[in-house]
Every structure is written in C-alpha cells, then in structure tokens.
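First up is the structure itself, then whatever we jot down about it.
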Amino acid sequence: MTTLLQNINDEVFRTYIFWVAVLVVKMLAMSVLTGRQRFRKKVFANPEDIQPNKKGIAPRFDDPDVERVRRAHRNDLENILPFFAIGLLYMLTNPEPFIAINLFRAVAISRILHTIVYAVVVIPQPARGLSWFIAYGATAYMAVVTALFFL
C-alpha cells in the first residue's frame with residue numbers, strides 16, 4: 001500500500017524547506033524595513049509611537065515611502081503564503097525533481113527581486129511586474145497540477 005508521503009522526494013523536500021525558510025526571513029525583514037522607513041521619515045501609525053514631547057504630530061498613513069514598503073509587504077503576504085501551502089501539496093504529486101526544485105527557486109528568487117525593485121531600489125516597470133508574474137505563474141502552475149492530480 002502506497003501513501004502520499006512516499007511521493008515526496010527528499011531532495012525536493014529539502015529544497016522546498018530551504019526556500020520557505022529564506023522567504024520567511026525575507027518577510028521578517030520587511031517588518032524591519034517598514035520600521036526603518038517610519039523612523040527615518042518620522043511617520044508613525046499609532047499615537048503611542050510618537051514621543052510625548054512632540055506636540056502637534058499626529059499618526060499618519062500617507063507617506064509615500066512608508067506606504068510603498070507596506071504595500072510590498074502586503075503583496076508578500078498575498079503571494080508567498082499561498083506558495084507555502086501549494087508547494088507542500090505539490091510535492092505530494094511526485095513531481096519531476098528538476099521541475100519542482102526550479103519552480104521553488106523561481107518563486108523565491110522572483111519574490112526577493114520583487115521586493116528589491118518595489119521597496120528598496122525602485123525600478124520602473126516592467127521589472128516589478130515581471131518579478132511578480134514569475135512567482136505567480138509558478139505558484140498557479142503548481143496549484144493546477146496539484147488539483148488535476150487529485151481530481
């Protein structure tokens with residue numbers, strides 16, 4: 001009797017775990033980057049974050065630099081978390097190791113590039129769109145393959 005867990009190739013699993021860990025560190029770094037922007041621009045979202053001796057300063061949500069980093073972070077949450085789930089399920093389909101490993105790499109590297117061109121060193125389109133689409137396309141491919149496998 002075969003179980004689904006026997007479909008998971010060790011090399012594919014190790015690669016998936018590595019890139020998931022890299023993306024978790026990247027997402028954690030986004031919180032630090034947001035905080036750095038807030039302190040650099042002195043733009044805070046909560047009244048308690050403003051120093052008591054700073055009269056007349058109110059919470060703000062309109063600084064373009066802070067909001068750009070926040071949008072990049074939100075984009076990570078919308079795209080990386082689904083990859084975490086579908087990447088794990090995709091491994092249960094016994095994919096070709098070369099394809100699976102390179103899909104995981106493509107998602108992770110393109111998400112890192114997306115953050116760089118969106119929130120660190122702003123580069124005009126199509127850089128951000130291309131980096132977003134590579135990860136989106138790879139994640140969508142894994143989702144479709146997984147759905148068809150378990151149909």
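Everything numeric here is computed off the predicted structure, so don't read it as measured data.
With a 6.0 Å radius and a threshold of 12 heavy atoms from other residues, nucleotides or ligands, Phe150 has its CZ atom above the threshold. Counting non-hydrogen atoms of neighbouring residues, nucleotides and ligands closer than 6.0 angstrom, the CZ atom of Phe149 exceeds 12 such neighbours.
Sorted by first then second residue, the salt bridge (Lys or Arg N to Asp or Glu O under 4.0 Å) pairs that include residues 137-151, not counting sequence neighbours, number zero. A side-chain hydrogen bond (donor to acceptor under 3.5 Å, both in side chains) check over residues 24-36, counting only residues at least two apart or in different chains, returns the pairs Lys26-Asp76, Lys26-Thr115. The side-chain hydrogen bond (donor to acceptor under 3.5 Å, both in side chains) pairs that include a residue from residues 10-23 number zero, where partners must be two or more places apart or lie in different chains. For residues 142-151, no residue pair satisfies the side-chain hydrogen bond (donor to acceptor under 3.5 Å, both in side chains) rule, not counting sequence neighbours. Every pair passing side-chain hydrogen bond (donor to acceptor under 3.5 Å, both in side chains) that includes a residue from residues 77-97 is listed here, sequence neighbours excluded: Asn75-Asn79, Asn79-Trp132.
In this structure Arg70 satisfies the salt bridge (Lys or Arg N to Asp or Glu O under 4.0 Å) test together with Glu67, sequence neighbours excluded. Applying the side-chain hydrogen bond (donor to acceptor under 3.5 Å, both in side chains) rule to Arg40 yields the partners Gln37; only residues at least two apart in sequence or on another chain are considered. Scored by the side chain to side chain contact (heavy atoms under 4.5 Å, CB included) test, Leu28 finds Val24 as partners (sequence neighbours excluded). Every residue meeting the side chain to side chain contact (heavy atoms under 4.5 Å, CB included) condition with Ala127, not counting sequence neighbours, appears here in chain and number order: Val117, Ile123. Considering only residues two or more places apart in sequence or on other chains, Leu81 meets the side chain to side chain contact (heavy atoms under 4.5 Å, CB included) condition with Met27, Leu77, Phe84. Not a single side-chain hydrogen bond (donor to acceptor under 3.5 Å, both in side chains) links Tyr136 to another residue, sequence neighbours left out. Residues meeting the side chain to side chain contact (heavy atoms under 4.5 Å, CB included) test with Ala143, sequence neighbours left out: Ile86.
For the atom pair Leu23 CG and Ile80 CD1, the distance stands at 4.5 Å (nearest 0.5 Å). From Phe13, atom CZ reaches atom CG of Leu5 across 9.0 Å, with rounding to the nearest 0.5 Å. Annotation: the span from Ser131 atom OG to Ile112 atom CD1 amounts to 11.0 Å, rounded to 0.5 Å. To the nearest 0.5 Å, the span separating CZ on Phe83 from CE on Met142 amounts to 5.0 Å.
Hydrophobic cluster membership differs between Val66 and Leu33, with clusters built from Ile, Leu, Val, Met, Phe, Trp and Tyr side chains linked at under 4.5 angstrom. Criterion: ILVMFWY side-chain heavy atoms under 4.5 Å apart, direct or through other members. Under it, Leu88 and Ile99 are part of a common hydrophobic cluster. Both Ile101 and Val22 are members of a single hydrophobic cluster when ILVMFWY side chains are connected at heavy-atom separations under 4.5 Å. One hydrophobic cluster holds both Val69 and Val121 under the rule that ILVMFWY side chains link at heavy-atom gaps under 4.5 Å. When the side chains of ILVMFWY residues are joined at heavy-atom separations under 4.5 Å, either directly or via intervening members, Ile109 and Ile134 end up in two distinct hydrophobic clusters.
Among His73, Arg68, Arg71, the single residue meeting the side-chain hydrogen bond (donor to acceptor under 3.5 Å, both in side chains) criterion with Tyr118 is Arg71.
Ile8 places none of its side-chain heavy atoms less than 4.5 Å from the side chain of Val12. In this structure, the side chains of Val20 and Ile17 stay at 4.5 Å or more apart for every pair of heavy atoms. The closest side-chain heavy-atom distance from Met91 to Phe104 is below 4.5 Å.
Across all non-hydrogen atoms, the minimal contact from Ala138 to Val107 is CB-CG2, 3.5 Å.
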